[in-house]
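Each remark here refers to the structure printed beneath this line.
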Number of protein chains: 2
Amino acid sequence: MITIYDIAAKAGVSAMTVSRVINNTGRISEATRKRVRKVMEDLHYIPNSMARSLVLQKTNILSLLITDITNPFYTTLARGAEDAALRAGYRLLFANSDEDYTKEKGYVDMILSTRVDGVLFAPTGDQSLENLQQLQKHQIPFVVLDREIPGIEADLVLGDSKEGARKLVDHLIALGHRRIALINGSPDVSTARLRYTGYREAHLLSGIPIEDSLVVHLNYRDFHDESALDALLSHENPPTAIFAANNMLAVGIIQSLRQRGLQVPGDLSVVCFDDFGPAGAINPFLTVASQPAYQFGLLGMQLLIDRIEGDPSQELRKMILPSELLIRTSTQPLKEEPWIQT
Amino acid sequence: MITIYDIAAKAGVSAMTVSRVINNTGRISEATRKRVRKVMEDLHYIPNSMARSLVLQKTNILSLLITDITNPFYTTLARGAEDAALRAGYRLLFANSDEDYTKEKGYVDMILSTRVDGVLFAPTGDQSLENLQQLQKHQIPFVVLDREIPGIEADLVLGDSKEGARKLVDHLIALGHRRIALINGSPDVSTARLRYTGYREAHLLSGIPIEDSLVVHLNYRDFHDESALDALLSHENPPTAIFAANNMLAVGIIQSLRQRGLQVPGDLSVVCFDDFGPAGAINPFLTVASQPAYQFGLLGMQLLIDRIEGDPSQELRKMILPSELLIRTSTQPLKEEPWIQT
DNA sequence: CTGTTAGCGCATTCAA
DNA sequence: TTGAATGCGCTAACAG
């Protein structure tokens, strides 16, 4: 491996001079600068960032921790995070928790030993508290994405889950639906709680009673869990519409409905949070509350970098990004005779 | 920051003993081992992997370079790569070239300065040759994914583009189509060339003449380019079916067709390479040649790790993964009267 | 403008 | 079984 000493020797200067040329620090005569540059090119020299990190106590690496890389919401978010990081000269250490707390914990250990300069952290749920505290203990700056964690004070980029849920449910109610099931994420996750709140509020404001048996909790990635749907469909007075708390759940639900010979929206209307990215554009079908995923990543990363490079004692920032109701063809007005009676 | 010296001092041993405890090397009495362990926990000690890398000349970081993170094919691939890397104890440095050679080059520089142990490299095209040679020059092991690069000898994981293309075109021909357009990727990309070859072969074997004006080239990410479609649709004798060389192109094509009031498959049948992952499962619509994306990542990463940890002089391996024809509803038998005549 | 010294945190080599 | 010296590649601080 070529080092600055190799360059120094060949250029007839000291290693320090080479270092100065590389970093454009100090005053160097144009002559030696050129000479050093030439030797660096001839020898295909590339600085060793590990050695640099060790002495500077700064790695120029940020970690992006997301919960599901197969979810278009997070890949679009990652794209935004990448843009912001690259622009500021940071490298990205990748982590994907799969909505699994244990895997998340493993990644936090990795992050700690890598001495990254900061973490853009999409937590799996309230249990992530410990992992976040671990980062705090080691003074790693972080920004929390998408889900608020009780007990953690940090910069935050969230969607407006309550408002988005209200829009979705209001839409269903406006179509005449009165029995609307909520297939929610775990109550351990703030977005799931808020989506439930929005669901409740929409009902309350319309004077429609809430029925607990129409509300079920899954994991956001359990999109092949059938039991919840079984219970709902065998209900004595089944729902006419389903609100899936995120896009992956909606995928599973629609597949299951089809397997049972039920049509969407013919038999049941379905709505969900989060859109499907380019892949979903082929056949825009689901009525969704679309969140600005790219902005989540971009703004989150900008907050993180600002926290690292700017005044670290500045007060915490909390950004709440609105979601947009996109009405498509998975919803239709309530029919007089719901499917169950046929 | 806590170092092994802090631990050593508190435990009343030398730093070397601490190092041995951490790495389980050498012989250490159970008593001191326990004492050291205790102190490490009390002080929340975490080894500094940068320092470790510097002395060991091994970072335990691998880089995954993909060309489009918003494409489900690559995210699923990334998921496979992640699994294999994690299992073997490697961290993942993320890179997304956006099908852009210049961006790819930037990431290669980053990879070089990071001194990663290896790269799982999905090249943008033949021009990636220089970037790959750059890695070779610096002795960074790599495995090439998805696209073969003339001039580069390396471990390789490819799909069977020719065969997949043949299956797709054969399917269209079997449905009665004779005028099949190919909207291809850049001829600079091996998969595009092979898909064209498969397209040709299918025609030849069926005795159907090829018409050059039905073959156009785009970039795999140019899924909003309208000009190619304009040309095809204003053709004096337009196609009745379209073969899009990848899923992202298909998305753009179908959107454009819809905007022009044309129905798929009513007016034109459409097929493409690569499926759409979970997001596409909502409404399986496009007839595709589905490639085993997860396997691409998993096998590629396994080859890479084996190349790094195993015998480095072993001969090169080339894996060709088959694709599967999934017939769905974007294709239908040729109608007597194509849309253009109405 | 340039060089010398020292040290970032750790592991290898050689001694004890 | 343990420790001391040394160096991985680089840069900050100080000297000249």
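In what follows, every chain begins at residue 1, and chains take the letters A, B, ... in the order their sequences are listed.
The side chain of Arg20(A) lies closest to dA13(D), out of dG3(D), dA13(D), dG9(C). For Ala51(A), whose side chain is taken as the heavy atoms from C-beta onward, the closest listed nucleotide among dT4(C), dT2(D), dG9(D) is dG9(D). Closest contact between the side chain of Pro47(B) and the listed nucleotides dC10(C), dC8(D), dC8(C) involves dC10(C). In the set dG3(D), dC10(D), dG9(C), dC10(D) carries the atom at the smallest distance from any side-chain atom of Ile4(A).
Proximity of Asn48(A) to the phosphate of dC8(D): no side-chain N or O atom is located under 4.0 Å from OP1 or OP2. Close to dG9(D), at under 4.0 Å from its OP1 or OP2, lies a side-chain N or O of Gln57(B). Considering only side-chain N and O atoms, Thr17(A) lies under 4.0 angstrom from the phosphate OP1 or OP2 of dG3(C). Side-chain N/O atoms of Thr32(B) include one lying less than 4.0 angstrom from OP1 or OP2 on dT2(D). The side chain of Tyr45(B) places an N or O atom within less than 4.0 Å of a non-bridging phosphate oxygen (OP1 or OP2) of dC10(C). Side-chain nitrogen and oxygen atoms of Arg52(B) include at least one within less than 4.0 Å of the OP1 or OP2 phosphate oxygen of dA11(C). In this structure, Thr3(B) does not reach the dC8(C) phosphate: none of its side-chain N or O atoms is under 4.0 Å from OP1 or OP2. Between dT11(D) and Tyr5(A), no contact under 4.0 Å exists linking OP1 or OP2 to a side-chain N or O. Of the side-chain N and O atoms in Ser29(A), one or more sit less than 4.0 angstrom from OP1 or OP2 of dT2(C).
In summary, Asp100(B) and Arg221(B) do not engage in a salt bridge, as defined by a charged side-chain N under 4.0 Å from a carboxylate O.
A side-chain N or O of Arg91(A) and one of Ser49(A) form a donor-acceptor pair less than 3.5 Å apart. Counted by atom type alone, Ser63(B) and Tyr107(B) present zero donor-acceptor pairs between their side chains at under 3.5 Å. With hydrogens and angles left out, the side-chain atoms of Thr124(A) and Glu99(A) include no donor and acceptor closer than 3.5 Å.
At whole-Å resolution of the value, NZ in Lys58(A) and P in dC10(D) are 18 Å apart. Following rounding to the nearest Å, Asp6(B) (CG) and dC10(C) (C1') show an atom-to-atom distance of 13 Å. Following rounding to the nearest Å, Ile7(A) (CD1) and dT11(D) (P) show an atom-to-atom distance of 12 Å. If you measure from atom CE of Met50(A) to atom P of dC10(D), you get 12 Å, rounded to the nearest angstrom. Taking atom CE on Met1(B) and atom P on dC8(C), their separation rounds to 11 Å, with Å as the unit. Taking atom CG of Leu56(B) as the reference point, atom P of dC8(D) lies 14 Å away to the nearest angstrom. In this structure, CG of Asn23(A) is placed 17 Å from P of dG9(D), rounded to the nearest angstrom. Look at CZ on Arg35(A): it is 11 Å from C1' on dT2(C), rounded to the nearest Å.
The base of dG9(C) lies outside donor-acceptor range of the side chain of Arg115(A), with no N or O pair under 3.5 Å.
Residue Gln139(A) places its CD atom among 12 or fewer non-hydrogen atoms of other residues, nucleotides or ligands, all under 6.0 Å distant.
Residue contacts for Val13(B): at a heavy-atom cut-off of 4.0 Å it reaches the sugar-phosphate backbone alone, with no base atom in range. Here Ile22(A) lies out of heavy-atom contact (under 4.0 Å) with every strand.
Along DNA chain D, the nucleotide nearest to Leu54(A) and the one nearest to Ile28(B) differ in position, and the one closer to the 5' end is contacted by Ile28(B).
Taking the six-membered ring where the residue is Trp, Phe121(B) and Phe142(B) present tilted rings, their angle falling between 30° and 60°.
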